Amino acid sequence: MKIKQETTGANVLVLIPEGRLDSNTVAEAESDLLARIEPGDRRVVLDLAGLDYISSAGLRLVLLAAKRLKQAGGRLALCGLRPQIREVFEISGFVSILTVVGSRQEAEAVVAG
Amino acid sequence: MISLIAQAIGGLGIFFAGMYLLTENLKKLTGRRFRQAVAAWTKSLWAGILWGLGAGAVMQSTPAITFIVVSMLGSGLLSVESGLAIIIGCNVGTTLIVVIAALDIRVFILVMLGLAGLSFASERLAPVRSFFLAVFGIGLVFLGLEILQDAAAPLAAEPWMGHLMSRAGSSFVLAFLIGAVLSVVTQSTNSVALLAITLADAGVLTFDQCVMAIYGANVGSSVLTYMLSTGLRGRQRQVAMYQVSFNFVAALVMVPLFYLEVLSGIPLAVALVKSLTGDPTLQLAYIHVVFNIGGAIVLTPFVGLAGRILARRYPPPPEESEARPQYLYDQAVMEPETALDLVELEQRRLAGYLPRLLDIARDPSKPAGSAIASRQQTIAALEAAIDEFLDRLGEVPISHAGYERLNQVLAVSRILDGLAETLGELVRAAAEAGPSPATRRLIDNVVEGLDAVLTTVVEAMGPDGSGEDRILLRGISGDRSALMRRLREEYLASDASLGAADKMTILTVTNLTERASWLISRLIDALPPVTAATPRSETAAEAGARSP
């Protein structure tokens, strides 16, 4: 599990986790992810196109990141969900409280706007 | 020989069937008033010992009483301390055969079985069926042990038994060991004692050797209890092992006293029984009584210590302590507002067990049946304790606002009950699912999705759950029927090679997920509003530590 990072011209932080986000990787992913969003980047896109698998622990990490950003007045959008990953988000109902869009461009536009 | 083996197997089966009937039906009988009555009857050490003494004198079977006590512990009727006191008393009580020599216990058992069995024919007695089933269970426990012991009893008449005992020569230690071994083989202390007395009459053994053989036979008699208790755990095992150790402790005291008396001439147990009667046969019968009274005298002052040692040696399995309320206690109902706070805390504990049901579905390679049953039993026991507490709460005067809260926690109770049942069914369907990749993928997604939302709800139920969490959760709650219909159609169409069983699994899993999601939504709606937001410190990593 690794998280790549890109910053767009509109000062949007794009985080791209790759691999599996489960209980074996979530602790490391959590400290990594929170360390990247806490210094001040308030507009964040999570591009999940490289994510092969997400467990309940991974889902809750995404929710935690969204809550932290909301508390700090920031925004989070998710994009690139593969069908299986999207299905888990839908079953949990998290899709109703997170901003989930199809493409990276849409996500960047949502958080930048 | 074959018929004796069949008799032993049949006896074992009847014993375990009796234990099952007794434990299960005692659980149903353990209403608050009955439990309080039993607690009052056995609340002091001496009351427990007296009950044991009486039960031992009437029932004449230490293993049977031990396992009845084990059942009562399993159903939450007795505390370990009361159980230990009863064990002490029954060891002495069973030796009082001389007092009630006229009572034929088999007649008593048959009458008990007959009356309890006949009650099943009457519909008017249906409301008290659990009571009669428990009585029938007691009868079967006795009958099973009787049959088991009868199967071994003819061994005492075998010529080699006498030969073996006569091998003791003039040794006390050998007489003790042979007494113990023969008691293990025959499962009857009385048969070995009778054999020893017969050999003493014939001049093969001395009176003193007979005393040691009887001491040995008492120690050997613990083996049956030990063997029958190997499947027990926690508090039940503690009490069974107390019975096993009773005879060892008694021997540790009585054997050195015996040597002291024989070697130094100080009048002790042997002198005592000789002063009571001139009849050697009765003297040896009294030795049996003195041995057990000696054990009781030594063990009685240390019941508390023994309880602590046994609790350390045989700690309760997690599910045993999980099944008991952590926050509720009898007197709490006197303060209804606080009592409702405690119910909410207990309900949060209960809700916390639900995601662990889902854990079972994560590893299809492991057998799921017993794991599901065990977790559902834990949940059901805690639910029953909460419901009983709520019943009592309904009997005390509560403010208007209190009734609103009572209604709310009653609703949460029903929802948690439904969720436990639904998730149990879901996990069972997952365990029975075939290896088709489509059904496995659906099950995996459902398990992770439901686990994530349930774990989030459990967190929000706690006193540290923030108002923000609850607002967030209200966004999650909602109708999943359209989603489930879509998933059902997609999965059914996803793989042409899906068999009828796979398709049935897809229908079952999506149906149950829809029901579980609806219940979770109801649970979210029933969460009490939070007045002050309290930020949480728990991390997703901590929350995810138990899931893969």
Side-chain angles (χ1 to χ4, degrees), chain A residues 1 3 17 19-35 37-38 46 48 51-74 76 78 81-100, chain B residues 355 358-359 362 437-438 441-459 466 468-469 471-480 482-484 486-487 490-491 494 509-510 513-514 516-518 520-521 524 533 535-536 538-548:
Chain A
M1 174 82 209
I3 303 176
R20 292 172 63 87
L21 188 50
D22 56 26
S23 67
N24 295 321
T25 57
V26 79
E28 193 189 341
E30 180 177 333
S31 51
D32 193 1
L33 186 71
L34 297 183
I37 62 174
E38 279 178 350
L46 260 182
L48 302 183
L51 203 59
D52 299 321
Y53 174 83
I54 190 161
S55 73
S56 66
L59 283 172
R60 300 189 64 235
L61 172 59
V62 175
L63 191 65
L64 179 71
K67 274 166 59 181
R68 291 280 171 93
L69 279 167
K70 193 179 172 198
Q71 281 162 1
L76 173 76
L78 275 58
L81 279 69
R82 295 180 183 180
Q84 186 178 348
I85 305 284
R86 186 176 176 91
E87 197 175 300
V88 185
F89 271 93
E90 285 177 331
I91 293 168
S92 69
F94 286 9
V95 78
S96 317
I97 50 171
L98 297 167
T99 306
V100 183
Chain B
L358 290 170
D359 272 350
R362 286 191 165 107
R441 194 169 65 243
L442 173 66
I443 290 166
D444 285 348
N445 293 349
V446 158
V447 166
E448 297 309 325
L450 287 178
D451 185 37
V453 66
L454 256 179
T455 312
T456 310
V457 174
V458 173
E459 272 184 13
S466 72
E468 187 195 358
D469 282 341
I471 294 164
L472 206 66
L473 279 168
R474 296 220 152 85
I476 290 175
S477 79
D479 187 15
R480 302 274 199 287
L483 170 68
M484 285 303 138
R486 196 194 84 213
L487 288 181
E490 282 176 9
Y491 274 94
S494 67
V509 168
T510 48
T513 306
E514 190 177 328
S517 300
W518 180 77
I520 293 170
S521 296
I524 292 169
R536 282 193 45 75
E538 191 184 350
T539 64
E542 283 170 329
R546 57 175 176 70
S547 54

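First the proteins, then the strands, lettered A, B, ... as listed; each starts at 1. From a predicted model like this one, the values you see are computed outputs, not experimental measurements.
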Residue selection (most heavy-atom pairs with chain A, distance under 4.5 Å) from B:L450, B:I476, B:V453, B:I520: B:I476
Heavy-atom pair with the smallest gap, counting every atom of B:E448 and A:S56: OE1-N, 2.7 Å
Distance, nearest 0.5 Å, that separates CG of B:N445 from CD1 of A:I54: 11.0 Å
Heavy-atom pair of closest approach, residues B:A452 and A:L59: CB-CD1, 3.5 Å
B:R480 and A:I91: CA distance, side-chain angles, deciding distance, side chain to side chain contact (heavy atoms under 4.5 Å, CB included) verdict: CA-CA 8 Å; B:R480 302 274 199 287; A:I91 293 168; 5.7 Å; no
Heavy-atom proximity to chain A below 4.5 Å, by part of B:T513: side chain
Minimum heavy-atom distance between B:G475 and A:S96, given as atom pair plus value: O-CB, 3.4 Å
Side chain, backbone, both or neither of B:L487 within contact of chain A (heavy atoms, under 4.5 Å): side chain
Spatial distance of atom CG (B:D444) from atom OH (A:Y53) [nearest 0.5 Å]: 5.5 Å
Heavy atoms from other residues, nucleotides or ligands near CD of B:E490 exceed 12 (cutoff 6.0 Å): yes
Distance, nearest 0.5 Å, that separates CG of A:L63 from OG1 of B:T455: 11.5 Å
Separation between OG of A:S23 and CZ of B:R362, rounded to the nearest 0.5 Å: 8.0 Å
Rounded distance [0.5 Å steps], CD in A:E90 versus CE in B:M484: 9.0 Å
Intermediate values then yes/no, side chain to side chain contact (heavy atoms under 4.5 Å, CB included), B:V446 and A:E87: CA-CA 9 Å; B:V446 158; A:E87 197 175 300; over 6 Å; no
